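Structure first, then comments.
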Protein chains: 2
Amino acid sequence: QSCDILSSAFFRYQTIIFGFREEVLKFHPKFKAGSLTELDVNVKNKCDQYPYLGMDESYNLTISSSGATLNSNSVWGALRGIETFSQLVLQRSKDMFTVNGTTIVDYPRFQHRGLLLDTSRHFLDVSIIKQNLLAMSQSKFNVFHWHIVDDQSFPYTSNNFPDMATMGAYDSKHIYTQDQIAEIIEFARILGIRVIPEFDSPGHSQSWGKSIKDLLTKCYSSGKPNGQYGPIDPSLETSYGFLSKFFAEIAKVFPDHYVHLGGDEVNFDCWKSNPNITAFMKQKDFGTDYAKLEEYYMQRLLEIVSGVKKGYMIWQEVVDNGAKVNPDTIVEVWKNGFHTELSIITFRGYKTLLSSCWYLSDISYGIDWPKYYNCDPHNFIGTAEQKKLVIGGETCMWGEYVDNTNVLSRTWPRASVVAERLWSAQNVKDANAAAPRLEEHRCRMIKRGFPAEAVNGPGYCFQEYSIHEPV
Amino acid sequence: QSCDILSSAFFRYQTIIFGFREEVLKFHPKFKAGSLTELDVNVKNKCDQYPYLGMDESYNLTISSSGATLNSNSVWGALRGIETFSQLVLQRSKDMFTVNGTTIVDYPRFQHRGLLLDTSRHFLDVSIIKQNLLAMSQSKFNVFHWHIVDDQSFPYTSNNFPDMATMGAYDSKHIYTQDQIAEIIEFARILGIRVIPEFDSPGHSQSWGKSIKDLLTKCYSSGKPNGQYGPIDPSLETSYGFLSKFFAEIAKVFPDHYVHLGGDEVNFDCWKSNPNITAFMKQKDFGTDYAKLEEYYMQRLLEIVSGVKKGYMIWQEVVDNGAKVNPDTIVEVWKNGFHTELSIITFRGYKTLLSSCWYLSDISYGIDWPKYYNCDPHNFIGTAEQKKLVIGGETCMWGEYVDNTNVLSRTWPRASVVAERLWSAQNVKDANAAAPRLEEHRCRMIKRGFPAEAVNGPGYCFQEYSIHEPV
């Protein structure tokens with residue numbers, strides 16, 4: 001069938017597998033057990049346009065001397081299967097490629113397999129984000145969690161509020177235009193990767209306040225504003241007016257059903273200092289429980305986002321602080337003590353994602369990937385129903401210490417061990433058995449042009465990374 | 001005067017300062033305080049060919065509206081001064097460059113300011129080594145300590161023993177040919193950087209044994225060789241015959257007066273298991289003191305290297321184990337407890353280098369450079385005479401977890417804080433004051449095309465690193 005996702009994949013993988021040379025695609029007569037001239041790809045359902053939560057990524061792959069067939073229900077399964085096929089083809093010499101006969105029945109254990117990049121603490125070029133998306137597709141990740149803005153900078157160029165980038169970005173070169181955002185979403189779509197942007201509030205929003213007047217809470221000292229600003233001011237109706245207009249735009253710009261609304265690390269000190277907020281607390285009968293104020297803010301925000309027909313993800317604090325959120329909220333667990341947290345959150349009936357044990361930014365000397373590999377999102381006390389509410393996880397590369405210079409080498413291939421945890425069956429968990437697979441995967445990534453760093457100590461790849469001659 | 005080092009530097013720095021555009025070198029009439037059309041470089045002494053320990057790197061630089069003059073005794077001082085000048089010139093707009101008036105009297109605190117790369121645990125491309133040398137010159141490092149071979153692989157292609165690379169390298173692509181080694185030495189020479197190769201023995205030499213028969217000690221279990229090999233066999237005259245021929249070649253290939261002979265981490269277990277060595281110990285009256293055997297080996301080796309008119313560096317264990325070495329040996333301190341070690345080694349009258357506190361390979365999360373910056377090689381108890389014996393230090397990027405993909409970003413700009421410690425006066429030690437200098441230096445490195453990573457937390461450079469468009 002005609003489908004842009006498939007035709008793009010066919011072209012891309014011919015290059016990935018065989019290099020840029022047309023001639024090697026020809027029949028090779030010397031192969032002893034049979035010659036494979038094509039992979040027969042059959043997709044049952046019509047071509048989806050965008051990947052989505054719960055898309056069918058299963059596929060069956062059969063390779064024998066009489067032919068190779070890939071069957072899937074959806075184009076997403078076809079994409080995952082073609083990647084697998086590409087990893088099975090080995091280059092033996094300049095013009096000799098071989099593939100072993102095999103039968104593979106494959107599908108993901110979890111629906112949501114994400115990777116977070118942070119473009120606020122340090123800006124990342126569009127080309128780096130695209131390279132990262134390509135790398136993700138080779139480990140079968142399906143969600144790019146784009147932590148696009150934060151306290152430090154606001155690189156998102158809004159149509160309705162262009163000053164947010166003009167005044168909130170590091171400078172005029174450190175921004176993403178609408179065209180660039182569309183380019184990234186399209187690049188991800190073709191790879192079967194969802195793009196979920198995070199616009200974190202009411203905390204982590206200092207950069208928003210550079211342009212939006214009266215959005216942030218004024219902090220007080222000795223009865224007067226002290227020039228500092230806190231989280232978004234939840235006592236002002238103007239805040240919700242702004243948020244309505246802003247998220248109406250976001251809902252249009254990002255096609256995925258979900259948007260991440262943050263909600264983490266809200267510091268109450270500034271709220272406590274502000275007399276208008278004190279008066280608002282009294283009016284609303286919140287007593288001195290600022291978690292109620294946070295809940296009030298988040299529920300208003302969730303209503304706004306529901307109103308534009310989006311689903312939402314939030315960080316765990318929102319529910320930790322006792323806020324009631326809509327039943328279809330996806331709660332992302334990121335703090336230590338996640339075993340207990342997952343029990344509690346799923347007991348309360350929320351869908352959840354784990355990221356606590358997958359912070360790739362926390363580097364240390366030596367072989368550190370087994371600690372990521374050994375972490376299982378079902379390792380908590382709960383019923384089968386509770387376990388089902390864990391829809392996956394995300395590995396996070398926070399941006400404090402990475403930028404264009406090192407984000408790819410620091411993310412890869414370490415992220416791939418999380419990808420395996422999220423895709424493969426629960427009993428695929430032997431780190432000793434995974435080590436050579438990881439080594440092979442790293443060298444394959446290097447062959448494909450990614451600066452995937454050494455993770456298993458001394459060694460080499462047949463083809464090393466070269467800054468001058470990428471494949 | 002005519003001097004290839006200077007003419008090369010003039011060409012290089014025109015590009016570094018002004019980019020590739022000829023037209024910007026022309027007189028710019030709009031500058032308010034005066035226009036600078038040239039830097040007048042005066043070198044007193046004749047053009048040296050190779051940099052050496054103790055070369056004069058001092059220079060005076062004067063910039064005013066009436067002209068800019070750089071005076072030095074040697075070309076090495078001129079190189080350091082031109083680098084300083086290049087850092088003073090700031091690009092204000094496309095065709096506008098400015099430089100403040102200043103007078104600088106500058107010279108290094110320590111003679112030996114080194115950086116170690118390890119090409120055995122992982123191979124590094126010649127292009128990466130050259131980029132690293134360029135980066136070194138921008139931080140005024142003057143020694144490339146090339147830990148070229150080790151247990152894991154032997155990429156050095158020997159003229160006399162070509163099998164050492166053929167059988168000892170990871171594979172036939174992971175080698176340095178004589179031409180490539182000459183290319184690296186020449187590239188370093190032009191930058192005023194000495195290349196000191198390390199051929200570590202008697203331990204760390206497993207890869208040597210792949211080709212040189214009977215060189216390594218056979219380890220025994222239950223009275224029989226068990227197939228394992230230990231350090232070089234010090235009981236066999238054939239070992240010294242090989243070493244004589246091998247180091248005669250090394251003496252010719254590497255022009256620097258010094259060669260690093262290693263001598264660290266010699267494990268005595270295999271020696272203890274071997275009956276021939278037991279007999280040799282008895283014959284030599286060493287009792288059961290295997291440090292005496294090590295001393296015997298090292299002294300024979302030092303004699304061999306003295307015989308080919310080379311000086312030598314060794315790791316601290318050789319003298320720690322009680323071995324007497326020649327009085328002109330340079331002892332490199334790398335273990336913890338270096339304050340005491342430096343006292344002891346200088347008390348015994350040896351010249352010494354510090355590297356213990358400058359292991360860049362030991363990564364950790366967050367801002368880690370102040371720990372390197374705060375380490376001072378004179379921070380030990382000793383007389384002024386003892387302090388003088390500390391001729392400098394080396395920062396080490398061991399190769400277990402770095403290769404082409406990440407060695408540059410992980411080394412830079414962290415190595416630069418060690419460079420400042422080794423060049424600047426002892427009282428330049430305020431990390432808070434150094435932080436913005438380091439930030440500026442990182443962004444300058446990025447502008448010059450190096451992937452120098454973020455080291456101070458969130459932020460940005462006016463020009464970010466780009467894998468597609470290096471300057």
Side-chain angles (χ1 to χ4, degrees), chain A residues 118 120-128 131 150-153 155 169-171 173-174 359 361-368 398-410 412-413 442 445-446 449-470, chain B residues 118 120-128 131 150-153 155 169-171 173-174 359 361-368 398-410 412-413 442 445-446 449-470:
Chain A
D118 166 3
S120 174
R121 275 62 178 255
H122 283 98
F123 184 79
L124 298 174
D125 278 356
V126 172
S127 64
I128 295 279
Q131 277 214 52
D150 206 295
D151 285 332
Q152 287 80 1
S153 75
Y170 281 130
D171 74 11
K173 290 195 298 184
H174 293 77
Y359 270 37
S361 12
D362 286 349
I363 56 168
S364 56
Y365 180 75
I367 298 175
D368 71 344
W398 294 101
E400 282 82 354
Y401 298 97
V402 292
D403 64 6
N404 291 347
T405 63
N406 61 351
V407 68
L408 292 174
S409 61
R410 204 172 270 193
W412 303 101
R442 161 174 127 87
M445 290 191 78
I446 285 176
F450 300 96
E453 70 180 20
V455 287
N456 280 323
Y460 72 104
C461 294
F462 179 76
Q463 181 176 334
E464 298 289 0
Y465 181 70
S466 163
I467 45 173
H468 297 303
E469 305 151 81
Chain B
D118 166 3
S120 174
R121 276 61 178 256
H122 282 98
F123 184 79
L124 298 174
D125 279 356
V126 172
S127 64
I128 295 279
Q131 279 214 51
D150 206 295
D151 284 333
Q152 286 81 0
S153 76
Y170 282 129
D171 74 9
K173 290 194 297 185
H174 292 79
Y359 270 36
S361 13
D362 286 349
I363 56 169
S364 56
Y365 180 74
I367 298 176
D368 72 345
W398 293 101
E400 281 83 354
Y401 299 97
V402 291
D403 64 4
N404 291 348
T405 63
N406 61 352
V407 68
L408 292 175
S409 61
R410 205 172 270 193
W412 304 101
R442 160 174 129 86
M445 291 191 77
I446 285 176
F450 300 95
E453 70 181 19
V455 288
N456 281 322
Y460 72 104
C461 294
F462 179 76
Q463 182 176 334
E464 298 288 359
Y465 181 70
S466 163
I467 46 172
H468 297 302
E469 305 150 80

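These figures come from a predicted structure and were not determined experimentally.
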Q: Hey, could you give me the CG/CG distance between B/Leu408 and A/Asn406, rounded to the nearest 0.5 Å?
A: 12.0 Å
(Q) Counting only non-hydrogen atoms closer than 4.5 Å, does A/Asp362 touch chain B with its backbone (N, CA, C, O), its side chain (CB onward), both, or neither? (A) both
Q. Who wins among B/Gly366, B/Ser153, B/Ser361 for the most heavy-atom pairs under 4.5 Å with chain A?
A. B/Gly366
Q) Checking B/Val407 against chain A: side chain, backbone, both or neither under 4.5 Å from a heavy atom? A) neither
Q: Compute whether any side-chain donor of one residue and acceptor of the other, for A/Glu464 and B/Asn404, lie under 3.5 angstrom apart.
A: no
Q | salt bridge (charged side-chain N to carboxylate O under 4.0 Å, His left out) partners for A/Asp151, two or more places apart | A | none
Q.
Between B/Asp403, B/Asn456, B/Val455, who has the most heavy-atom pairs with chain A when the cutoff is under 4.5 Å?
A. B/Asp403
(Q) I'd like to know which of A/Lys173, A/Arg121, A/His122 tops the heavy-atom pair count under 4.5 Å against chain B. (A) A/His122
Q: Let me know if B/Ile128 has heavy atoms under 4.5 Å from chain A in its side chain, its backbone, both or neither.
A: side chain
Q | Minimal non-hydrogen separation, A/Phe462 against B/Asp171, with atom names | A | CD1-OD2, 3.8 Å
Q | For A/Tyr460, ring-ring contact (aromatic ring centres under 6.0 Å, His included) partners two or more places apart | A | B/Tyr170, B/His174
Q. What part of A/Glu453 is in contact with chain B, defined as an atom under 4.5 angstrom from a non-hydrogen atom: side chain, backbone, both or neither?
A. both
Q) Is the number of heavy atoms from other residues, nucleotides or ligands under 6.0 Å of A/Tyr365 OH greater than 12? A) yes
Q.
Nearest 0.5 angstrom please: B/Asp125 CG to A/Tyr465 OH, how far?
A. 11.0 Å
